[in-house]
Amino acid sequence: MNPQNRRVLISGASVAGPVLAYWLARYGFEPTLVEAADAPRDGGYPIDVRGQALSVADRMGLLPELRAAGLDTEGLSFVNAENRTLAAVDMRAMRKAAASADIELCRGDLVRILHAATSDGIEYRFGNRITELTQHEGGVHVEFEHGPGGDFDLVLGADGLHSGVRKLTFGPEQQFLRYLGYYFGGVEVASSVGMPERVVLRNEPGKLIGIYRYHDRAGAFFMFASRHQVDYDYRDLAAPGRIFTERFADLRWRGGVVEQVAAAGEMYFDSLSQVHLATWSKGRIALVGDAGYCPTLITGQGTSLAMIGAYLLAGELAAAGGDHRVAFARYEERFRPAVTAAQRGTSQGAAMLIPATSAAIWRRNQLVRLAGIQVLVSRLTRRFARPAAELPAYPQASGEPSLPPAARR
């Protein structure tokens with residue numbers, strides 16, 4: 001390994017960042033993670049780990065923990081304002097029909113498992129962020145919001161859709177975000193709302209509210225179509241609640257679901273947007289996960305792409321002996337076809353979840369009633385599409401690297 005490229009700073013400590021740090025440490029690098037949140041982010045909507053991402057988790061020794069934390073969603077129901085079921089899908093039969101070994105779990109549980117697997121021996125700097133990046137011949141000088149700056153050999157951005165590393169390196173995000181015409185929000189609600197182990201969906205033209213209930217928790221999510229992007233200050237934590245109230249004031253749903261969402265606290269809210277860049281690296285800086293190639297949550301593949309991409313990036317750095325020029329090029333060459341495939345067809349899936357007219361909602365429900373499993377598999381969210389990417393076994397660095405705990409099992 002190139003001794004000048006051992007010290008690696010990773011921005012973002014949710015999914016891609018910890019997976020990347022795990023494998024870099026295993027190959028003898030010295031990763032440091034910086035994260036804007038004060039602690040690992042808890043909560044969040046259910047996500048999926050599928051395809052080769054399962055192999056990544058298995059090679060990390062984490063597959064049993066992921067399966068233990070997994071959700072077993074029984075079914076999905078489209079209902080009217082009086083909670084009468086209009087169409088339903090047996091999700092267990094759907095998984096069986098797709099011969100799926102995929103894991104659905106709460107995003108916060110995945111973050112917790114990944115943090116536990118990497119917190120011993122890998123430095124985390126919570127409550128901080130990168131404010132300035134200056135590349136020079138021997139590395140990258142980094143300034144932080146809090147505390148002194150420092151020099152690192154490489155900087156890797158795993159900091160999501162609104163990546164600060166991408167902005168500092170490539171420019172304003174408007175150049176790279178492709179808005180798909182929809183917004184998404186999510187928030188926890190009272191655990192008595194909804195139906196156990198079932199997703200319940202309520203539509204009005206151009207709008208959707210969903211409730212999912214699992215274990216002793218329940219969450220609500222909402223989506224709406226908007227031809228133009230919504231103008232709001234993302235730093236205003238009350239703004240999503242106001243936007244929800246404005247957009248959903250006329251939607252009725254027995255049981256007070258709309259009122260509960262409107263009265264809930266801080267919620268996640270963002271546009272459905274993809275990230276498209278001509279290249280994922282510039283000099284000694286590279287991007288991984290949503291920061292470089294967000295496919296949007298509607299594909300159900302963002303988490304898996306983040307895990308696979310992190311594994312490949314770390315592996316290519318190890319295979320290239322730390323030569324970032326070779327490693328970054330190989331990482332992109334190997335993984336871009338899978339990313340491109342995952343980003344196709346997203347708008348069609350959203351349009352079926354959120355039909356634009358009452359007639360389209362009726363047609364969608366009839367279609368689901370007549371051919372529920374096949375329709376949902378092939379046309380709704382491409383739920384069982386699996387990121388296709390070769391997952392090589394990379395050579396381990398010489399000597400005995402300092403392994404995170406899960407690697408010693």
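Taking the six-membered ring where the residue is Trp, Trp23 and Tyr311 present perpendicular rings, their angle passing 60° and hence far from 30°.
Residues Val230 and Ser271 form no side-chain contact, since every pair of their non-hydrogen atoms from C-beta on lies 4.5 Å or further apart. The side-chain heavy atoms of Ser273 and Tyr182, taken from C-beta on, include no pair separated by under 4.5 Å.
In terms of modelled atom types and a separation under 3.5 Å, the side chain of Gln343 and the main chain of Cys294 share a donor-acceptor contact.
Pairs engaging residues 160-172 under the salt bridge (charged side-chain N to carboxylate O under 4.0 Å, His left out) rule: Arg166-Glu173 [sequence neighbours left out].
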For this session: Please report the C-alpha distance between His136 and Asp151 in whole Å, then the side-chain angles of each, then the deciding distance to 0.1 Å, and finally whether the side-chain hydrogen bond (donor to acceptor under 3.5 Å, both in side chains) criterion is met.
Result: CA-CA 10 Å; His136 51 83; Asp151 283 275; 2.8 Å; yes
Return all side-chain donor-acceptor pairs below 3.5 angstrom for residues 251-264, not counting sequence neighbours, or 'none' if the list is empty.
residue, atom, partner, partner atom, Å
Arg252, NH1, Ala249, O, 2.8
Trp253, NE1, Asn83, OD1, 2.6
Gln260, OE1, Ala190, N, 3.4

Side-chain atoms of residues 125-133: list all donor-acceptor pairs with protein atoms under 3.5 Å, sequence neighbours left out, distances to 0.1 Å.
residue, atom, partner, partner atom, Å
Arg125, NE, Glu123, OE2, 2.9
Asn128, OD1, Glu145, N, 3.3
Asn128, OD1, His146, N, 3.0
Asn128, ND2, His146, O, 2.7
Arg129, NE, Glu145, OE1, 3.4
Thr131, OG1, Glu143, O, 3.2

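Residues meeting the side-chain hydrogen bond (donor to acceptor under 3.5 Å, both in side chains) test with Gln229, sequence neighbours left out: none. For Tyr331, the ring pair (Phe, Tyr, Trp, His ring centres under 6.0 Å) partners two or more places apart in sequence, or in a different chain, are Trp280. Ser55 meets the side-chain hydrogen bond (donor to acceptor under 3.5 Å, both in side chains) test with Gln52; sequence neighbours excluded.
Within the cation-pi definition used here (under 6.0 Å to the ring centroid, within 45° of the axis), Arg6 does not qualify as a partner of Phe29. A cation-pi arrangement, defined by a distance under 6.0 Å to the six-membered ring centre and an angle within 45 degrees of its axis, is present between Arg364 and Phe78.
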